[in-house]
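Notes follow once the structure below has been shown.
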Amino acid sequence: MVDFHEIERKWQEEWRKSRIFEAEPDERPKFFITIPYPYLNGNLHAGHTRTLTIGDAVARYMRMNGYNVLFPMGYHVTGTPIIGLAERIAKKDPETIRVYTEYHDVPLEELLKLDTPEKIVEYFSREATKALKSIGYSIDWRRTFTTMDEPYQKFIEWQYWKLKEKGLVVKGSHPVRYCPNDENPVEDHDLMKGENATIVDFTVIKLYSFEENLVVFPCATLRPETVFGVTNLWVNPEKDYVVAEVNGEKWVVSKEAAEKLVHQEKEVKIIKEVKGKDVVGNLVVNPVLVAMLAEELLEFASGDLKKLFEELCKIKDRKERIAKVVENIEFIVKELILLFKEVKNSTLRMVVVPILPASFVDTDNATGVVMSVPAHAPYDYVALEELKKSSEFKELASIEPIVLIKVEEYAVPAKEISEELGIKSQNERELLDKATKIVYRKEFHKGVLLDNTLYPGMHVSKVKDVLQRDLIELGIGDIFYEFSEKPVVCRCGAKCVVKIVRDQWFLNYSNPEWKKKVFELLDRMRIIPDYYKEEFRNKVEWLKDKACARRKGLGTRIPWDKEWLIESLSDSTIYMCYYILAKYINAGKLKAENIKPELLDYVFLGKGKAEDVAEKSNLSKEIVEEIRREFEYWYPVDLRSSGKDLVANHLLFFLFHHVAIFPPELWPKAIAVNGYVSLEGKKMSKSKGPLLTMKRAVSEFGADVTRMYILHAAEYDSDADWRRKDVENLVAHLNRFYALMEEYYTKDVEGCFLDRWLISRMQKAIKETRKAMENLQTRRAVNSAFFEVMNDVKWYLRRGGKNPQIIFDDWLKLLAPFIPHICEEIWHKKHNSFVSVESYPEYDESKVDQVAEVAEEYIKSLMDDIKEVLKFVDAKVVYIAPAEEWKKEVAKVALEAKNFKEAMKELMKDEKLRSMGKEVSNFVKKVLKEKELVDLDERKVIEENIEFLEKELGVKVVVDESKVPEEKRKSSMPGKPAVYAE
RNA sequence: GCGGGGGUUGCCGAGCCAGGAAAAGGCGCAGGGCUUAAGACCCUGUCCCGGAGGGGUCCGCGGGUUCAAAUCCCGCCCCCCGCACCA
């Protein structure tokens with residue numbers, strides 16, 4: 001057993017001393033690779049290890065291919081989790097202590113000291129650096145930083161001023177999860193219950209009643225289009241409601257809703273408390289339908305009301321007509337209700353509807369007042385049917401459903417589906433939910449709005465946003481934010497609510513101009529694997545404005561509004577260019593006070609004159625110019641390699657901000673995405689465990705083992721599984737590799753006929769490995785560079801080869817990006833240079849010896865054939881007869897064709913051959929793959945290897961046509977001699 | 001629901017875009033070798049049948065195209081991931 005740890009430490013130290021990974025601009029082509037900096041609320045783990053190791057392998061590969069490679073690393077610390085962690089450690093939260101001692105491997109006494117964010121950052125950045133060094137990444141350590149560094153904050157400020165100037169940071173408000181008890185927004189980890197709850201926006205539609213003055217019944221719905229089919233309202237008769245003044249209007253809502261509204265930018269003054277049943281029986285007017293049905297209503301109106309309706313009828317635009325109704329709402333409501341009491345005809349019944357009791361109404365959901373649309377909502381239909389049977393509400397409930405959506409299969413969907421499922425009562429919740437789902441699905445995807453709506457012909461899937469906006473514009477709509485799941489409970493035990501945060505700063509990602517540029521960038525950049533390009537396009541499409549300001553957390557303040565901190569994903573978008581500054585900052589050549597906007601304008605955007613900038617920032621002209629030159633040399637980013645979890649957020653912002661700040665020639669060139677790492681099949685979790693830290697993996701198995709395992713465990717976005725057993729297996733593999741190298745590497749070459757074969761095989765491995773690396777397929781690369789070559793070497797030795805070392809130099813170089821320490825150690829047994837900066841092996845066609853390869857294949861397949869025969873015959877001698885000459889001639893003819901397809905096409909014209917398509921294809925494929933086969937002197941090859949065959953097979957082997965019976969000889973083919981055993 | 005990715009022989013997992021070998025590789029299992037022995041290592045086998053290198057069946061399900069389908073086309077079923085302001 002070799003002590004890999006010692007080797008690893010040794011070469012890490014040598015690399016450091018020789019500074020081979022410190023990147024300075026020079027005349028070589030450059031390659032700038034970046035990995036998203038890790039967030040330091042814990043130790044680096046196997047997930048980081050995967051992304052970083054892929055990055056390092058690529059960095060090393062490109063370096064060996066003659067590129068000047070810059071591979072830097074920083075640390076992300078802004079945001080709230082570190083603060084939360086510090087608080088929990090200070091409180092000695094037992095779960096936190098368990099996870100951090102057990103999984104993050106922080107010694108208890110150390111952990112307890114980490115009671116402030118600063119100490120946490122200090123500790124974990126030190127640990128991270130140790131871990132990254134111990135695994136041997138080729139990072140330029142002079143460029144590291146954390147996002148709380150003062151110069152970094154200057155850089156972020158500059159960036160936000162730029163965005164502001166371009167109008168890309170705008171003000172707005174948005175809903176957040178909020179704890180009324182703590183008076184604070186609630187983070188995920190501060191939740192006791194309801195982690196999966198999302199915030200949904202109910203459309204509130206106002207229907208109006210009248211007593212003394214106007215009373216608003218704000219109905220909450222997720223389907224605003226159903227306002228055209230309202231037949232009544234529902235309230236829960238047993239629950240508490242309030243009459244309250246809400247932003248100057250008199251509203252009736254549930255007691256819970258009144259409390260929630262306070263957080264949603266509403267001024268709420270409670271006038272009185274009532275029970276649901278107190279408002280049952282009230283009549284309300286649906287202003288939307290009043291407008292829609294103005295012509296018919298005109299017939300029944302008289303006096304001023306008639307005049308008003310005459311005016312309404314003149315307005316052809318339905319939306320304008322609604323506006324007119326709203327303008328006169330109080331008068332209309334009052335009059336229509338009076339009219340309704342006298343004339344109960346079907347038209348009036350549609351615009352003046354009763355409030356009815358329903359037990360299914362949840363007063364803790366939105367306003368607690370809902371519209372009833374029996375044609376399209378099974379709950380409504382069933383509840384109404386029930387009421388029709390009760391004596392008390394028979395009269396009021398005798399209502400016909402109003403259909404407003406056309407779907408293929410149903411006339412009155414809610415009715416038909418409820419009947420199909422045999423639902424009798426509104427208490428059959430499970431069935432009703434099922435029915436609702438069916439109706440919703442059908443209508444949402446295939447439903448089209450009918451003529452009795454504002455948008456006839458529009459698809460239901462499109463209408464929600466449009467209508468919500470219209471209703472709000474008209475003053476009869478509103479939004480009520482509610483959780484999708486309940487309850488949502490804060491750690492403090494209080495129920496969370498949705499709160500609207502006002503005057504928040506937003507990144508205006510919905511800006512079409514901005515998006516257009518991102519699409520341009522996507523078109524020209526490489527995304528690996530390629531199907532993620534489509535994914536990215538969809539996400540760009542979907543991205544809306546993002547709140548980029550916070551009240552709480554670590555970070556940089558918004559420079560023009562210091563109340564706010566810049567949100568932590570929003571300060572991590574173009575920081576790759578900061579690595580250029582970081583080198584000067586760490587060297588003491590650049591200080592926070594030097595970093596003026598003018599300097600950054602000059603360095604990053606080429607604006608201004610060096611002299612002016614130098615004076616302004618109190619630096620020498622030379623250094624200003626040097627930084628600018630260095631930036632120009634390294635930028636743009638050539639590859640950003642990342643875990644797939646960052647696709648829908650960070651990587652997207654990375655693209656958006658680059659196109660916003662930089663000219664097209666500085667836009668990133670490529671993004672690569674990789675999958676997660678699980679632990680013995682279990683998902684890892686930073687905050688709950690299980691977790692394997694990078695440090696532990698390396699100290700237990702070694703850097704090279706860890707690297708190679710993780711590179712080989714999975715490809716692209718598929719997930720890798722860390723299995724101890726497999727890792728231990730790999731340790732054994734690498735030990736064997738090392739032993740093999742030690743045995744042969746420095747030995748003299750004796751010369752052996754098989755050498756050409758081994759060298760030829762090596763060329764294939766080089767070609768394969770290079771191809772895999774160009775596509776960032778590390779699994780494939782490791783497979784061909786290590787396992788396949790290893791198998792060839794084994795075969796070579798088994799065949800009696802004496803000089804495997806003839807390929808060892810190439811082999812070491814081939815493997816250096818993956819297992820650099822072991823390669824370096826062995827390499828130095830013969831060389832004084834670093835293999836890490838040697839040239840990567842080139843595929844050399846002239847070294848490919850197809851004849852030698854075909855001959856080996858021939859021997860292998862002959863062995864298989866003989867073994868197959870020996871399975872059935874207990875023989876002492878095997879006679880072999882190569883195919884007759886004329887058969888070779890036929891094969892040659894087949895070979896005239898350019899390729900397999902051509903050959904097959906030609907041959908398949910023959911009726912007879914067609915019936916044997918499979919056999920023919922097999923043969924042609926074989927011959928084409930190994931063209932040399934037809935020219936192979938089979939007799940000679942066998943005779944040269946007779947000793948080997950006899951040893952392997954344990955029988956005597958003789959090439960003698962005369963001993964092979966005629967019927968056996970018939971079946972021989974070039975490459976497949978007849979065999980006879982006796 | 002929308003969007004993206006999948007379903008391969010005991011398991012993991014290549015192959016699919018560019019149709020052509022029961023289908024790479026690994027794990028597991030079985031036999032043999034090496035060993036005092038175990039482990040490691042090296043061979044061999046691992047869908048079914050077969051006393052001659054052969055035959056049969058096979059890649060989620062059902063159709064189709066073709067001399068030939070895991071691969072192409074159509075329909076269906078199932079699984080994973082994202083849907084946000086959180087890193």
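So you know, we letter chains A, B, ... as the sequences are listed, proteins then strands, and number each from 1.
In the set B:rG4, B:rG53, B:rA87, B:rA87 carries the atom at the smallest distance from any side-chain atom of A:Glu567. In the set B:rG4, B:rG13, B:rG54, B:rG4 carries the atom at the smallest distance from any side-chain atom of A:Asn538. If you check B:rG53, B:rC27, B:rG15 against the side chain of A:Asp726, the one that comes closest is B:rC27. Between B:rG53, B:rA84, B:rG82, one nucleotide has an atom nearer to the side chain of A:Lys544 than all others, and that is B:rA84.
A:Leu870 comes within 4.0 angstrom of no nucleic acid atom, judged by non-hydrogen atoms across all strands. Within the nucleic acid shown, A:Lys968 comes within 4.0 Å of at least one base atom, counting heavy atoms only. Contacts of A:Ala978 with the nucleic acid, taken as non-hydrogen atoms under 4.0 Å apart, include base atoms. As judged by a 4.0 angstrom heavy-atom cut-off over every strand, A:Tyr980 is placed among the base-contacting residues. Across all strands, A:Asp545 comes closer than 4.0 Å to base atoms (heavy-atom distances). Nucleic acid contact for A:His76: sugar-phosphate only, since backbone atoms but no base atoms lie under 4.0 Å from a heavy atom of the residue. Residue contacts shown for A:Pro38 are absent, as no nucleic acid heavy atom lies under 4.0 Å away. Across all strands, A:Asp865 comes closer than 4.0 Å to base atoms (heavy-atom distances).
When each of A:Leu85, A:Ile82, A:Leu44 is checked for a side chain to side chain contact (heavy atoms under 4.5 Å, CB included) with A:Phe124, only A:Leu85 meets the rule.
Sorted by first then second residue, the salt bridge (Lys or Arg N to Asp or Glu O under 4.0 Å) pairs that include residues 782-794 of chain A, not counting sequence neighbours, are A:Arg761-A:Asp792.
B:rC72 sits 26 Å from B:rC81 when the P atoms are compared, rounded to a whole Å. Spacing of P atoms, B:rC73 relative to B:rG26, comes out at 33 Å, to the nearest Å.
Residue side chain A:Asn783 does not reach the base of B:rA14 through any donor-acceptor N/O pair under 3.5 Å, judged by distance alone.
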Side chains of residues 726-734 of chain A: which donor-acceptor pairs under 3.5 Å do they make with residues two or more places apart or in other chains?
residue: A:Asp726; atom: OD2; partner: A:Arg723; partner atom: NH1; Å: 3.3
residue: A:Glu728; atom: OE2; partner: A:Arg724; partner atom: NH1; Å: 3.3

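Each of A:Glu715 and A:Ala981 was matched to the nucleotide of RNA chain B holding its nearest heavy atom; the match closer to the 5' end belongs to A:Glu715.
With a 6.0 Å cutoff to the six-membered ring centre and a 45° limit on the axis angle, A:Arg640 counts as a cation-pi contact of A:Phe654.
A:Thr556 and A:Asp571 share no donor-acceptor pair across their side chains, judged by distance under 3.5 Å alone.
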